**Student:** 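One structure, pasted below without further comment.
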There are 2 protein chains.
Amino acid sequence: MKKEILQIALVQFANEGYEGASLGKIAEAVGIKKPSIYAHYAGKDELFLSALTYALERERSHLGCYFKQMKEEPLENLLRGYFNWFIQDLEGNDHMKFILRTMYFPPARLENEIGELINPLFDSMHRHFTRVMRERERRENILYSDDFSSCALAFITVIEGTITELVYSGEAAYLKRYEAVWPIFWRGLVRA
Amino acid sequence: MKKEILQIALVQFANEGYEGASLGKIAEAVGIKKPSIYAHYAGKDELFLSALTYALERERSHLGCYFKQMKEEPLENLLRGYFNWFIQDLEGNDHMKFILRTMYFPPARLENEIGELINPLFDSMHRHFTRVMRERERRENILYSDDFSSCALAFITVIEGTITELVYSGEAAYLKRYEAVWPIFWRGLVRA
DNA sequence: GTTCACCTTCCTAACGGTCGTTAGTCTACT
DNA sequence: AGTAGACTAACGACCGTTAGGAAGGTGAAC
């Protein structure tokens with residue numbers, strides 16, 4: 001039951017925001033009364049931060065899973081495949097929406113705690129891609145630049161530009177952006 | 001006074017969101033009492049949509065201004081300069097934050113009206129950049145692809161990936177992303 | 001095996017506070 | 001005289017939260 005509350009709250013927070021989501025509506029969606037939530041969570045803040053921690057942890061393991069799965073793939077497949085990785089699991093869409101919404105527009109009062117939760121994920125993402133660039137470069141020797149950190153940051157930038165479109169317009173527009181930006185990005189990344 | 005209310009409301013909506021911003025706090029920031037707002041706006045919804053219309057109109061003229069100013073510049077300068085164009089005027093930061101927040105995470109009840117307001121701006125942005133790509137290509141003959149629409153979409157994707165970082169982390173991180181992504185994007189866009 | 005205390009988890013009722021909104025009034029300028 | 005724009009007062013609705021109690025399960029003591 002505790003987990004059901006969390007998962008439903010996560011969806012509500014993703015679509016309505018911290019202020020817009022209400023414990024009453026969450027409870028109703030779960031099928032219980034509002035005060036019953038307090039048997040599991042100390043209050044709205046704790047529920048929110050628990051949902052965020054859960055979504056981040058799931059995303060982190062998701063990420064590690066992907067890198068493990070693509071360990072032997074060439075760089076091009078690894079980067080390109082990452083675009084499809086998101087739209088694979090459907091409920092991950094709500095998770096990503098929740099994370100993006102919370103990191104871009106956090107409720108002011110929880111800004112510090114949220115930053116301490118979210119920043120590590122994006123740091124680790126950056127480190128992962130930096131390492132991958134360096135390792136693959138040693139194997140494949142194709143990159144134009146040897147500033148792997150910048151290359152990784154550029155990739156993350158492109159990823160975020162397309163993901164926001166996934167949140168905004170849905171999968172079709174997302175794929176259109178991917179098809180537009182990927183060939184250009186890849187051409188710019190590797191040697192002529 | 002009507003305009004003062006609107007501008008202060010815009011900042012509040014940008015930083016707190018539709019649900020998070022309250023008419024009481026807006027009135028206080030303006031220096032009047034809450035019900036006085038109703039002498040100028042029919043309610044919270046109208047104030048919100050007025051602020052959005054204002055921000056969009058200002059952004060649209062801002063955009064037109066930029067293209068006029070860069071009419072004779074080569075494509076590289078025109079695209080590259082666009083990254084600096086945002087951080088030029090400081091209050092534009094709140095405008096952009098407001099627009100992005102509203103387009104990505106609109107209050108559910110106003111979603112349709114908001115879409116009808118925002119979509120034209122991004123359509124016009126896409127058309128502008130598509131036209132610029134085509135015109136400059138005729139002059140400079142440097143682009144790798146002749147799918148100008150896709151090139152424009154790719155550029156907008158990169159822009160959005162960096163702008164979201166401007167909203168999230170501020171100017172320093174924004175510039176870092178720009179410096180990472182621009183050389184790669186430009187190399188991928190033009191012929192070797 | 002029964003009893004009893006305890007804990008969990010749900011409930012109803014209600015609190016204080018804030019929200020957006022309306023009614024009605026006063027003031028000042030046209 | 002009339003209108004625009006500010007005010008005070010107050011409305012009902014909803015918010016997060018707390019108090020207090022009922023139902024059910026668990027586990028130790030007898």
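Residue numbers begin at 1 in each chain, while the letters A, B, ... track the order of the sequences. Scope of the values below: all heavy atoms of this structure, side chains included, with no hydrogens, waters or symmetry mates. All of these numbers come straight from a predicted model, not from anything done at the bench.
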**Student:** Expressed in angstrom and rounded to an integer, what is the separation of Glu46(B) atom CD from dT22(C) atom C1'?
**Tutor:**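 Roughly 16 Å, once rounded to whole Å.
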
**Student:** Once you round it to whole Å, what is the distance between C1' of dC26(C) and CD1 of Ile32(B)?
**Tutor:**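 Going from Ile32(B) (CD1) to dC26(C) (C1'), I get 17 Å.
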
**Student:** If I take atom NZ in residue Lys3(B) and atom P in nucleotide dG5(D), what distance separates them, rounded to the nearest angstrom?
**Tutor:**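 Taking atom P of dG5(D) as the reference, NZ of Lys3(B) is at 16 Å.
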
**Student:** Produce the list of close N/O pairs, under 3.5 Å, pairing protein atoms with atoms of nucleotides 12-15 of chain D; give distances to one decimal.
**Tutor:**
unit_1, atom_1, unit_2, atom_2, d
dC15(D), OP1, Ser22(A), OG, 3.2

**Student:** So which heavy atom on His95(A) is nearest to which on Arg58(A), and how close?
**Tutor:**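 Closest approach of His95(A) to Arg58(A): CE1-CD, 3.4 Å.
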
**Student:** If you only use heavy atoms from C-beta on, which nucleotide in dT9(C), dG16(D), dT21(C) is closest to the side chain of Ala39(A)?
**Tutor:**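 My answer, after comparing the listed nucleotides, is dT9(C).
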
**Student:** Out of curiosity, does Ile26(A) fall in the hydrophobic cluster containing Leu110(A) (side-chain heavy atoms, cut-off under 4.5 Å, transitive links)?
**Tutor:**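 Both belong to a single hydrophobic cluster.
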
**Student:** Taking 4.0 Å as the cut-off, does a side-chain nitrogen or oxygen of His40(A) come that near to OP1 or OP2 on dC10(C)?
**Tutor:**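 For His40(A), the contact criterion (side-chain N or O under 4.0 Å from OP1 or OP2 of dC10(C)) is met.
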
**Student:** Would you mind reading off the distance between Ile37(B) atom CD1 and dT21(C) atom C1', rounded to a whole angstrom?
**Tutor:**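 That distance rounds to 11 Å.
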
**Student:** Please give, in whole Å, the distance from dC19(C) P to Ile26(B) CD1?
**Tutor:**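 Checked: the CD1 to P distance equals 10 Å.
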
**Student:** On DNA chain D, check which nucleotide each of Gly31(B) and Asp45(A) is closest to and give me the residue with the more 5' one.
**Tutor:**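 Checking each residue's closest nucleotide, the 5'-ward one belongs to Gly31(B).
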
**Student:** Inspect the contact between Glu57(B) and Arg60(B) and indicate whether a charged nitrogen and a carboxylate oxygen are less than 4.0 angstrom apart.
**Tutor:**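 Salt bridge: yes.
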
**Student:** Measure the distance from CG on Leu49(B) to P on dG20(C) and round it to the nearest whole Å.
**Tutor:**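 Rounded to whole Å, this separation is 15 Å.
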
**Student:** Where the side chain of Pro35(A) is concerned, which of dT17(D), dA6(D), dA23(C) is the nearest nucleotide?
**Tutor:**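 The listed nucleotide nearest to Pro35(A)'s side chain is dT17(D).
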
**Student:** Keeping the roles fixed (side chain from Arg191(B), backbone from Tyr144(B)), state whether a donor-acceptor pair exists under 3.5 Å.
**Tutor:**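 No, Arg191(B) side chain to Tyr144(B) backbone: no donor-acceptor pair under 3.5 Å.
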
**Student:** Any non-hydrogen side-chain atom of Val158(A) less than 4.5 Å from a side-chain atom of Phe83(A)?
**Tutor:**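 Yes, close enough: below the 4.5 Å cut-off.
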
**Student:** Would a 4.5 Å heavy-atom cut-off, applied to side chains only, mark Phe129(B) and Phe67(B) as touching?
**Tutor:**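 Of all side-chain heavy-atom pairs linking Phe67(B) with Phe129(B), at least one is under 4.5 Å.
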
**Student:** Quick one: is dT9(C) close enough that its OP1 or OP2 comes under 4.0 Å of any side-chain N or O from Ser36(A)?
**Tutor:**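 Ser36(A) to dT9(C) OP1/OP2: no side-chain N or O under 4.0 Å.
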
**Student:** Answer yes or no on whether Lys44(A) is positioned over the face of Tyr18(A), meaning its NZ or CZ is under 6.0 Å from the six-membered ring centre and within 45° of the axis.
**Tutor:**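 Because its charged atom sits under 6.0 Å from the ring centre and within 45° of the axis, Lys44(A) does stack over Tyr18(A).
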
**Student:** Specify the separation, in whole Å, of atom OH of Tyr41(B) and atom P of dT22(C).
**Tutor:**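 Spelled out: OH on Tyr41(B) to P on dT22(C) is 17 Å.
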
**Student:** Using whole Å, report how far OH of Tyr18(B) lies from P of dG20(C).
**Tutor:**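 These atoms are roughly 8 Å apart.
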
